[in-house]
Amino acid sequence: MKLLERKAPQPKKEVFLKKSLLEAQKNVADAYARLDLVEEQDLIDSYIYELNAAYLRYRVLLREVKALTLDEEHQTHQTDSADHSPIDDLDIPSPNGLLPESNIS
């Protein structure tokens with residue numbers, strides 16, 4: 001019975017990465033909000049720079065969390081198709097062309 005099973009404590013790295021990912025998600029949303037409110041060209045440039053930095057940090061952290069999750073699945077040999085990562089539920093829109101093309105996947 002899965003309901004009675006205890007979850008193993010998460011390693012420190014996983015906890016840190018997930019907290020950092022949520023913080024990065026908030027930073028992206030905040031950068032979008034500030035960009036929507038500003039009208040001065042210099043500030044627009046500044047907020048676009050901030051948005052790009054926040055979004056790239058988010059993507060790097062997301063890649064690391066996914067890699068860690070995949071490593072754990074391979075180590076435990078549990079590949080239940082009904083399971084899905086809570087990372088898949090995060091809704092971060094792309095900055096719609098504000099970012100330069102990169103090789104981060």
Side-chain angles (χ1 to χ4, degrees):
M1 295 174 79
K2 285 190 174 189
L3 294 174
L4 299 178
E5 292 177 12
R6 288 186 177 256
K7 282 182 126 180
Q10 294 179 325
K12 289 181 182 182
K13 182 177 182 178
E14 183 179 357
V15 171
F16 171 77
L17 285 174
K18 287 183 178 182
K19 285 181 182 179
S20 297
L21 185 65
L22 292 174
E23 181 181 325
Q25 180 183 14
K26 182 183 180 312
N27 290 341
V28 169
D30 291 347
Y32 269 119
R34 285 190 291 276
L35 184 60
D36 285 341
L37 297 175
V38 72
E39 294 180 9
E40 186 178 330
Q41 183 62 40
D42 289 337
L43 288 177
I44 291 172
D45 291 342
S46 171
Y47 288 137
I48 288 173
Y49 178 80
E50 182 181 334
L51 176 60
N52 288 339
Y55 186 68
L56 288 173
R57 177 170 168 73
Y58 169 80
R59 288 179 52 193
V60 167
L61 288 168
L62 181 61
R63 184 178 64 212
E64 289 183 24
V65 169
K66 284 183 176 183
L68 185 65
T69 302
L70 290 175
D71 288 345
E72 288 176 358
E73 285 179 8
H74 288 136
Q75 288 176 359
T76 59
H77 302 291
Q78 294 177 350
T79 55
D80 186 0
S81 62
D83 290 342
H84 95 217
S85 172
I87 301 305
D88 297 332
D89 296 333
L90 296 176
D91 183 28
I92 297 290
S94 172
N96 299 326
L98 296 176
L99 291 176
E101 293 297 319
S102 68
N103 293 331
I104 298 176
S105 54

Peer 1: Mind listing the closest non-hydrogen atom pair of Leu17 and Glu64 along with its distance?
Peer 2: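 Minimum heavy-atom separation between Leu17 and Glu64: CD2-OE1, 3.3 Å.
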Peer 1: Just verifying a value: how many Å separate Leu35 CG and Tyr49 OH, rounded to the nearest 0.5 Å?
Peer 2: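 Between atom CG of Leu35 and atom OH of Tyr49 there are 15.5 Å.
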Peer 1: Calculate, to the nearest 0.5 Å, the distance between atoms CZ and CG belonging to Arg34 and Leu51 respectively.
Peer 2: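 Result: 9.5 Å between the selected atoms.
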Peer 1: Nearest 0.5 Å, what's the CZ-CG distance between Arg59 and Leu21?
Peer 2: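 Answer rounded to 0.5 Å: 13.0 Å.
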Peer 1: Looking at CG of Leu61 and CG of Leu56, how far apart are the two atoms once the value is rounded to the nearest 0.5 Å?
Peer 2: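 Leu61 atom CG to Leu56 atom CG measures 11.0 Å (nearest 0.5 Å).
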Peer 1: How far does OH of Tyr58 sit from CG of Leu22, to the nearest 0.5 angstrom?
Peer 2: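 That separation rounds to 9.0 Å.
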Peer 1: Do the charged groups of Lys18 and Glu14 touch, with an N to O distance under 4.0 Å?
Peer 2: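 Counted as a salt bridge, because a side-chain N and a carboxylate O are separated by less than 4.0 Å.
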Peer 1: Rounded to the nearest 0.5 Å, how far apart are CG of Asp36 and CD1 of Ile44?
Peer 2: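 Atom-to-atom, Asp36:CG and Ile44:CD1 are 10.5 Å apart.
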Peer 1: Using only atom types and a distance under 3.5 Å, with no angle test, would you say the side chain of Thr69 pairs donor to acceptor with the backbone of Val65?
Peer 2: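 Judged by distance alone, yes, a pair lies under 3.5 Å.
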Peer 1: Is Gln25 close to Val28 at the side-chain level, that is, under 4.5 Å between some pair of heavy atoms?
Peer 2: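 No, side chains not in contact.
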